[in-house]
2 protein chains.
Amino acid sequence: MQKEIEVDTVRAEFIEKIGVSAQNEGLPRIAGRVLGTLIFDGKPASFSDLAESLLVSRGSISNSVRLLEERLLIKRVAKAGDRQDYFQLAENPYTSMLDGVVNRIARVKSEIDESLAQIPDDVDGPRARLAQYAGFYGAMVSGLEAALNDLRQEKP
Amino acid sequence: MQKEIEVDTVRAEFIEKIGVSAQNEGLPRIAGRVLGTLIFDGKPASFSDLAESLLVSRGSISNSVRLLEERLLIKRVAKAGDRQDYFQLAENPYTSMLDGVVNRIARVKSEIDESLAQIPDDVDGPRARLAQYAGFYGAMVSGLEAALNDLRQEKP
DNA sequence: CAGTCTGTTCAGTTTTAATTGAACAAATTT
DNA sequence: AAATTTGTTCAATTAAAACTGAACAGACTG
């Protein structure tokens, strides 16, 4: 009995942690909690299950699963004899997640590069400093792309 | 003349871009604009200069520079014959920036590891899935630490 | 086909974060 | 030492984001 309670507590805490960390990744907290639920449970959860167990409105679930589907972190599946939509983790959720992170950073780098390209040739200082700043973003992208390859290696 | 206007426009756009991207890194927009200003200009800017050129209150500047100093992205310097504080980029701002990113991600990984450690041995499914999730964060940390080393190599 | 169930949308509300600006203390000047 | 300048603090305001829930359209059921 004690063990049962323990697992539920760990589960609840884990889900909340993922909810918080989702905010760092530009996702609303509820989307993170949905993701955390699906990671922990590892089995398809129905639309209403999610709304009830997370104590949020159906509108929020609809919005969250849309965001998570767009990012290829979860997928919608059907269950025979049930009209509801079910959701579970996508094939390679972490690859997709990392891909999203890389893209976000690469996009910032592009914007810096764009500014860099617009600076006249003879304006040396800003040119050099923006180049260095862009290089920093480039280093991050490279590092994360290496991580992405590692990840793809594991589960091809 | 045309060129002067051009540079100012690029500068203003760059500063705004950094302001926006700062929000991705958990910094308020104004802090990002301060950072963008210091990167572009490359010379110390006074406290009032910043408030005036960014059209924000002194309270906001005070708050922003505090955050940027804490993260070792900028430093406060004195200027002979001027009572004001001046600010410029810190020694290795990008190393510090990346360090902050790595730490933030590592902290999330620790939290997952913590949950993982609390799951009883016989609860296999969640245990395996959390381990995989933690592994993903580990891969990101490794990739970014490699980037951090590259960066330290450049400017030791 | 009337009734029910399901997920989406979006206007309105709530919550959270950012920003302001007035009050303040410390340092400097006159 | 009075007056001024400077940066910080924090309560109040503003702005932005998340969330709710009612209205709706489509799909299914009996």
Side-chain angles (χ1 to χ4, degrees), chain A residues 15-38 44-71 73-88 90 104, chain B residues 15-38 44-71 73-88 100 104:
Chain A
I15 289 170
E16 288 310 317
K17 285 175 187 174
I18 306 310
V20 172
S21 91
Q23 298 176 305
N24 296 335
E25 317 272 347
L27 280 173
R29 174 190 289 234
I30 291 180
R33 299 207 285 155
V34 168
L35 185 64
T37 301
L38 297 181
S46 80
F47 195 96
S48 331
D49 284 348
L50 290 171
E52 283 165 30
S53 86
L54 298 176
L55 301 170
V56 298
S57 70
R58 291 190 309 146
S60 284
I61 294 297
S62 177
N63 185 50
S64 293
V65 296
R66 181 179 52 77
L67 292 171
L68 293 170
E69 280 182 297
E70 281 171 7
R71 299 181 183 220
L73 303 182
I74 72 173
K75 66 177 178 182
R76 201 175 293 240
V77 295
K79 191 164 188 175
D82 195 335
R83 277 160 69 181
Q84 283 186 86
D85 291 350
Y86 279 71
F87 301 89
Q88 64 181 45
R104 185 152 54 94
Chain B
I15 290 170
E16 288 311 317
K17 285 175 186 174
I18 307 309
V20 171
S21 92
Q23 297 176 306
N24 296 335
E25 315 273 348
L27 279 174
R29 172 190 289 235
I30 291 180
R33 300 206 285 154
V34 168
L35 185 64
T37 300
L38 297 181
S46 81
F47 194 96
S48 330
D49 284 348
L50 290 171
E52 283 164 30
S53 86
L54 298 176
L55 300 170
V56 299
S57 70
R58 292 190 308 147
S60 284
I61 295 296
S62 177
N63 185 49
S64 294
V65 296
R66 181 179 52 76
L67 292 171
L68 293 170
E69 281 183 296
E70 281 172 6
R71 299 182 183 218
L73 303 183
I74 72 174
K75 67 178 177 183
R76 201 175 293 238
V77 296
K79 191 163 187 176
D82 195 335
R83 276 160 70 180
Q84 283 186 86
D85 290 351
Y86 280 71
F87 301 91
Q88 64 181 45
R104 186 152 54 94

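Below, chain A is the first sequence line, B the second, and so on; all start at residue 1.
A residue-by-residue look at B:Val65 and A:Leu55 shows that B:Val65 has its nearest nucleotide of DNA chain D further toward the 5' end. Heavy-atom distances to DNA chain C give each of A:Ile61 and A:Arg29 a nearest nucleotide, and the one nearer the 5′ end belongs to A:Ile61.
If you measure from atom CG of A:Asn63 to atom P of C:dT8, you get 10 Å, rounded to the nearest angstrom. Atom pair A:Asp82:CG and D:dA27:C1' shows a separation of 14 Å (rounding to whole Å applied). Spacing between atom CG of A:Asp85 and atom P of C:dC5 amounts to 16 Å, rounded to whole angstrom units. Rounded to whole Å, atom P of D:dA17 lies 7 Å from atom CD of B:Gln23. Distance CG (B:Leu50) to P (C:dT20): 13 Å, rounded to an integer number of Å. We find that CD1 of B:Ile30 is positioned 13 Å from C1' of C:dG21, with the value rounded to whole Å. Rounded to an integer number of Å, the gap from B:Asn24 CG to C:dA18 C1' is 16 Å.
The listed nucleotides are C:dT8, D:dT9, D:dC19; the one nearest the side chain of A:Pro28 is D:dC19. For B:Phe47, counting side-chain heavy atoms from C-beta on, the closest listed nucleotide (D:dG7, C:dT19, C:dT8) is D:dG7. Checking C:dA23, D:dA27, D:dT20 against every side-chain atom of B:Arg58, the shortest atom distance belongs to C:dA23. Among the nucleotides D:dT20, D:dA18, C:dT6, the one closest to any side-chain atom of A:Gln84 is C:dT6.
Contact check on A:Glu69 versus A:Lys75 returns no salt bridge, with no Lys/Arg side-chain nitrogen under 4.0 Å from an Asp/Glu carboxylate oxygen.
Applying the 4.0 Å criterion to OP1 and OP2 of C:dT8, one finds that A:Ser62 has a side-chain N or O inside that range. Checking the phosphate oxygens (OP1, OP2) of C:dT19, no side-chain nitrogen or oxygen of B:Ser60 falls inside 4.0 Å. Look at A:Arg33 and you won't find any side-chain N or O under 4.0 angstrom from OP1 or OP2 of D:dC19.
In this structure, B:Gln84 contributes its side chain and B:Ser48 its backbone to a donor-acceptor pair below 3.5 Å.
No N or O donor and acceptor, one from the side chain of A:Arg83 and one from the base of C:dT6, sit under 3.5 Å apart.
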Going through the checks in order, is the side-chain contact (heavy atoms from CB on, under 4.5 Å) test met by B:Leu27 and B:Leu68?
-> CA-CA 9 Å; B:Leu27 279 174; B:Leu68 293 170; 4.0 Å; yes
Can you list the steps and then say if B:Phe87 with B:Leu50 is a side-chain contact (heavy atoms from CB on, under 4.5 Å)?
-> CA-CA 9 Å; B:Phe87 301 91; B:Leu50 290 171; 4.0 Å; yes
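Between atom CG of residue A:Leu35 and atom CG of residue A:Leu73 there is a gap of 6.0 Å, rounded to the nearest 0.5 Å.
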